[in-house]
S.K.: 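First the structure, then my questions, so here it is.
Below, chains carry the letters A, B, ... as their sequence lines are ordered, and counting in each starts from 1. All of these numbers come straight from a predicted model, not from anything done at the bench.
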Amino acid sequence: MLTDSQKKNLLIDFVLFLADTNLILGQRNAEWCAHGPILEQDIAITNISLDLIGQSRNFYQYAAKLLNENAGASQLPHNDLTEDSLAYLRTEREFKNLLITELPKQDWAHTVLRQLLYSLYSQSLYNRLLNGHDVQLSAIAEKALKEVAYHIKWSSEWVIRLGDGTDESHERMLIALQALWPYTGEFFIAATYETSITDYNVIQQEWSEKLTPILIQATLEVPQNVFMQKGGKQGIHTEHMGFILADLQYLQRTYPGAEW
Amino acid sequence: MQIHDLEKIFEEKIEREIKIESKDWMPDAYRKTNVRQISQHAHSEIVGMLPEGNWISRAPSLKRKVILIAKVQDEAGHGLYLYSAAETLGTSREQMIEDLLSGKAKYSSIFNYPTLTWADMGAVGWLVDGAAILNQVMLCRTSYGPYARAMVRICKEESFHQRQGFESLLVLSKGTPEQKAMCQDAINRWWWPSLMMFGPKDAESTNSDQSMKWKIKRKTNDELRQQFVNMAVEQVKLLGMTLPDPDLKFNEVTSQYDFGEIHWDEFWAVVKGNGPCNKQRLEARNKAHEEGKWVREAALAYAKKQQARISVKVA
Ligand SMILES: [Fe+2]
Ligand SMILES: [Fe+2]
């Protein structure tokens with residue numbers, strides 16, 4: 001049996017996993033801001049980025065609260081953690097985001113497909129949180145689910161449009177599907193801290209059932225027998241991760257302790 | 001109706017402060033001036049996204065990151081409203097964008113300056129959006145209806161941008177010695193280019209007279225510039241910073257602040273394409289456009305297929 005404090009530490013890691021995943025995907029999507037293929041879509045992907053960073057902030061704030069309570073209880077000095085200290089002062093190995101979120105944005109095909117693959121997953125995950133025991137997570141999930149529904153609508157429309165568009169766009173979707181598919185496996189492998197998610201096999205099934213008809217409409221086939229990468233949830237990242245954090249954390253690292 | 005009568009109706013409307021609408025008769029030159037000005041304005045919003053977009057990935061806190069992304073996104077929205085307003089005069093957005101990408105159309109020179117430190121985000125918000133607002137508040141009453149209405153929506157957001165920029169500088173001004181220095185340095189670099197945003201002196205401005213008569217503009221470049229200086233002098237005090245102009249002095253006779261001579265040779269150099277970032281800005285816009293080509297083609301191809309499928313079903 002786990003003690004209460006062990007349970008709390010696992011919860012903190014889980015909340016950080018959610019926070020990091022949304023932040024890093026938000027950071028990647030924001031790279032499109034001012035560089036999108038069409039003005040309206042520049043605005044749309046930027047909106048999604050804002051939603052994801054907004055979700056990450058809710059999770060970070062909750063994680064900070066839990067950590068500060070812990071520190072208070074054990075009278076550790078660090079009882080002043082904030083969303084920013086968690087986002088800006090942790091290292092590559094401490095970040096628990098899914099690997100798929102840190103991959104370079106590449107082209108529009110990669111971007112919209114990644115969004116779809118991830119949003120379909122987060123929808124199922126958030127539904128578990130919505131109905132779970134943790135009141136705070138349930139409240140965050142409730143708000144996030146409305147946004148995720150839009151992200152799924154937007155990205156599935158683009159996946160279909162590009163898959164069933166021109167020869168070139170179809171080809172690009174195939175390349176994106178091949179590149180991103182190996183990073184979907186770790187979605188469904190519970191990390192030790194995911195104690196509240198007990199039905200990943202069901203989540204995976206839901207995910208496939210939602211995704212398959214979209215891919216069929218996009219005239220794309222579900223890849224078979226692909227070797228799956230993993231490690232993000234445990235802080236074993238791709239080589240891209242250090243560069244993302246170098247950018248993200250630059251000012252906080254250069255001017256320690258400054259307020260912005 | 002005779003052209004002469006149409007012209008009389010047009011001029012009466014201008015005289016009586018009735019907005020000109022897209023279906024109304026208007027002199028060719030009025031149409032052209034508006035297309036030029038509105039599309040330049042739209043291009044400025046779009047190119048203006050680049051210098052600020054430069055700091056999104058490095059914003060120093062999550063709150064600042066969200067504020068900055070939302071701001072740059074607002075500018076995209078402004079670009080959209082303005083392209084739509086210009087389209088009511090019969091020029092397509094594609095054509096306008098082509099003119100921007102080829103370098104034929106102009107945009108505000110201010111965006112050809114680089115954003116070198118985080119403090120530039122605050123300085124741009126405070127000074128650049130601040131200068132833009134004065135122009136835009138005036139344009140809320142411009143004689144061409146669609147332009148005036150677009151401006152009303154835009155102005156609300158711009159004043160928000162200016163306040164956010166100022167607030168961000170205020171935090172720096174109360175921060176560490178490095179942050180204070182960063183703040184002052186940004187003000188030093190953005191001050192003079194911001195004054196240039198109002199354009200050439202009235203005596204040398206070629207388009208001004210006719211635009212004033214047609215009530216496209218209602219204040220001259222120099223009037224707006226003076227208004228801006230008066231405002232900034234007061235606000236910079238709240239920051240505990242200074243403006244980089246030794247000649248800045250209150251004039252008891254005019255009750256305005258006199259200021260030093262603008263470096264017009266720099267102004268013209270940037271207008272002619274030799275600013276620090278002219279090349280990069282156009283390249284970035286061209287790159288986004290080129291790389292987005294297959295996306296736009298695919299969207300079009302898919303829409304056509306869908307159309308065909310629907311008509312088959314109907315038949
Ligand atoms: Fe704007
Ligand atoms: Fe603005």
Side-chain angles (χ1 to χ4, degrees), chain A residues 23 26-43 46-47 49-50 53-54 56-57 60-61 82-84 86-88 107-109 112 157-158 160-173 244 246-252 254-260, chain B residues 42 45-66 68-70 72-77 79-80 83 93 97 117-118 168 171-172 174-176 178-179 182 284-285 287-306:
Chain A
L23 175 63
Q27 174 88 352
R28 277 297 191 211
N29 282 344
E31 291 174 22
W32 282 106
C33 188
H35 305 278
I38 310 166
L39 203 42
E40 286 83 347
Q41 298 307 324
D42 198 306
I43 293 173
T46 305
N47 245 337
S49 171
L50 282 171
I53 297 171
S56 84
R57 292 182 71 185
Y60 280 128
Q61 285 163 14
T82 64
E83 56 172 7
D84 287 330
L86 293 173
Y88 286 83
D107 63 3
W108 196 244
V112 298
E157 283 170 4
W158 268 109
I160 293 166
R161 208 174 275 140
L162 296 182
D164 191 19
T166 60
D167 288 348
E168 180 181 0
S169 69
H170 183 79
E171 184 61 27
R172 283 175 182 267
M173 281 307 299
I244 294 180
D247 244 16
L248 182 92
Q249 300 180 337
Y250 152 65
L251 283 164
Q252 291 268 355
T254 311
Y255 304 99
E259 298 272 343
W260 300 92
Chain B
E45 302 284 354
I46 301 307
V47 177
M49 295 167 74
L50 294 166
E52 290 186 281
N54 181 35
W55 279 90
I56 288 175
S57 71
R58 295 173 291 172
S61 71
L62 295 179
K63 184 184 122 191
R64 293 285 172 210
K65 189 187 286 289
V66 167
L68 182 59
I69 296 174
V72 179
Q73 191 194 31
D74 283 348
E75 308 301 1
L80 269 185
Y83 282 127
R93 183 162 131 194
I97 288 176
T117 72
W118 170 254
S168 153
V171 172
L172 295 181
K174 292 178 176 154
T176 65
E178 289 102 327
Q179 285 176 305
M182 197 189 274
R285 284 319 308 158
K287 184 164 179 277
H289 191 76
E290 272 306 303
E291 288 177 357
K293 192 167 168 238
W294 71 270
V295 178
R296 296 189 297 275
E297 284 170 359
L300 204 65
Y302 178 75
K304 276 191 187 148
K305 282 188 200 177
Q306 282 298 89

S.K.: Is a side-chain donor or acceptor of A:N29 paired with a backbone partner of A:S49 at a separation under 3.5 angstrom?
M.R.: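 Answer holds: no.
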S.K.: In chain order, what residues pass the ring-ring contact (aromatic ring centres under 6.0 Å, His included) check against A:Y60, with sequence neighbours excluded?
M.R.: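 Here no residue qualifies.
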S.K.: Using non-hydrogen atoms only, which part of A:W32 is less than 4.5 Å away from chain B: side chain, backbone, both, or neither?
M.R.: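 Contact with chain B: none, neither part.
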S.K.: Heavy-atom cut-off 4.5 Å, strictly under: side chain, backbone, both or neither for A:L39 against chain B?
M.R.: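 The answer is both parts of A:L39.
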S.K.: Mind ranking A:I43, A:I53, A:T46 by heavy-atom pairs under 4.5 Å with chain B and telling me who comes out on top?
M.R.: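 The residue among A:I43, A:I53, A:T46 with the greatest pair count is A:I43.
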S.K.: To the nearest 0.5 Å, how far apart are CG in A:D164 and NE2 in A:H170?
M.R.: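 One gets 9.0 Å once the value is rounded to the nearest 0.5 Å.
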S.K.: When you compare the side chain of B:R296 with that of B:H289, does any pair of heavy atoms fall below 4.5 Å?
M.R.: yes
S.K.: Pick one of side chain, backbone, both or neither for A:L50, based on which atoms fall under 4.5 Å of a heavy atom in chain B.
M.R.: side chain
S.K.: Less than 4.5 Å to any heavy atom of chain B: does that hold for the side chain of A:D247, its backbone, both, or neither?
M.R.: both
S.K.: Considering only heavy atoms, which portion of B:R64 lies under 4.5 Å from any heavy atom of chain A: side chain, backbone, both, or neither?
M.R.: side chain
S.K.: Chain A: which of B:A298, B:A301, B:P60, B:G292 shares the most heavy-atom pairs with it under 4.5 Å?
M.R.: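 Option with the top pair count is B:P60.
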S.K.: Answer with side chain, backbone, both or neither: which region of A:T254 has an atom nearer than 4.5 Å to a non-hydrogen atom of chain B?
M.R.: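 The answer is neither part of A:T254.
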S.K.: Given that the side chain runs from C-beta out, which part of B:Q179 has a heavy atom under 4.5 Å from chain A: side chain, backbone, both or neither?
M.R.: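 Only the side chain of B:Q179 comes within 4.5 Å of chain A.
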S.K.: For the residue pair A:Y88 and B:S61, what are the closest heavy atoms and their distance?
M.R.: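 Heavy-atom minimum between the residues: OH-C, 3.1 Å.
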S.K.: Please look at A:A109 and chain B and tell me whether the side chain, the backbone, both or neither of the residue comes under 4.5 angstrom of a heavy atom of that chain.
M.R.: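 Contact with chain B involves both backbone and side-chain atoms of A:A109.
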S.K.: Side chains of B:I46 and B:I97: does their closest heavy-atom pair fall under 4.5 Å?
M.R.: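 Side chain of B:I46 against side chain of B:I97, heavy atoms only: no contact under 4.5 Å found.
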S.K.: Please rank B:V295, B:L62, B:T176 by heavy-atom pairs under 4.5 Å with chain A and give me the top one.
M.R.: B:L62
S.K.: With chain A as the partner, which of B:V171, B:T117, B:D74, B:L80 has the greatest number of non-hydrogen pairs under 4.5 Å?
M.R.: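 Counting heavy-atom pairs under 4.5 Å, the top option is B:L80.
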S.K.: In terms of heavy-atom pairs under 4.5 Å, which option from A:D167, A:L23, A:L162 contacts chain B the most?
M.R.: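 The answer is A:L162.
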S.K.: Would you mind checking which part of B:L172 comes under 4.5 Å of any heavy atom in chain A, side chain (CB onward), backbone (N, CA, C, O), both or neither?
M.R.: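 The side chain, not the backbone.
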S.K.: Classify the ring geometry of A:W158 against A:W108: parallel below 30°, tilted from 30° to 60°, perpendicular beyond 60°.
M.R.: perpendicular
S.K.: Would you check if B:W294 and A:D107 make a side-chain contact, meaning some heavy-atom pair closer than 4.5 Å?
M.R.: yes
S.K.: If every non-hydrogen atom of B:L50 is compared with every non-hydrogen atom of A:A34, which pair is closest and at what distance?
M.R.: CD2-O, 3.9 Å
S.K.: So what's closer than 4.5 Å to chain B heavy atoms on A:E83: side chain, backbone, both or neither?
M.R.: both
S.K.: Are B:E52 and B:L68 close enough that some pair of their side-chain heavy atoms sits under 4.5 Å apart?
M.R.: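 Yes; the side chains approach each other to less than 4.5 Å.
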S.K.: What part of A:I244 gets closer than 4.5 Å to chain B, counting heavy atoms only: side chain, backbone, both or neither?
M.R.: neither
S.K.: Heavy-atom pairs under 4.5 Å with chain A - which of B:E75, B:Q306, B:K65 has more of them than the others?
M.R.: B:K65
S.K.: Could you look at A:N47 and say if it's the side chain, the backbone, both or neither that has a heavy atom under 4.5 Å from chain B?
M.R.: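 A:N47 touches chain B through backbone and side-chain heavy atoms alike.
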S.K.: Return the set of residues passing salt bridge (charged side-chain N to carboxylate O under 4.0 Å, His left out) with A:R28 (not counting sequence neighbours), or none when no residue passes.
M.R.: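 Once residues adjacent in sequence are excluded, the partners of A:R28 under the salt bridge (charged side-chain N to carboxylate O under 4.0 Å, His left out) criterion are A:E31.
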S.K.: Against chain B, work out which of A:Q27, A:E168, A:Q252 has the most heavy-atom pairs shorter than 4.5 Å and name it.
M.R.: A:Q27
S.K.: For the interface with chain B, which of A:E40, A:H35, A:E259 has the highest count of heavy-atom pairs at distances below 4.5 Å?
M.R.: A:E40
S.K.: Side-chain contact, heavy-atom cut-off 4.5 Å: B:W55 with A:L251?
M.R.: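 Yes, their side chains come closer than 4.5 Å.
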S.K.: Is it the backbone or the side chain of B:S57 that comes under 4.5 Å from a heavy atom of chain A, or both, or neither?
M.R.: both
S.K.: Could you tell me which of B:I56, B:V47, B:L300, B:V66 has the largest number of non-hydrogen atom pairs under 4.5 Å with chain A?
M.R.: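 Highest number of pairs under 4.5 Å: B:V66.
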S.K.: Quick check on B:A303 against chain A: is it the side chain, the backbone, both or neither that has a heavy atom closer than 4.5 Å?
M.R.: neither
S.K.: Evaluate whether atom NZ of B:K287 has more than 12 neighbouring non-hydrogen atoms of other residues, nucleotides or ligands under 6.0 angstrom away.
M.R.: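 No, NZ of B:K287 has 12 or fewer neighbouring heavy atoms, counting only those of other groups under 6.0 Å.
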S.K.: Starting at CZ of A:R161, measure out to OG1 of A:T166 and round the result to the nearest 0.5 Å.
M.R.: 13.0 Å
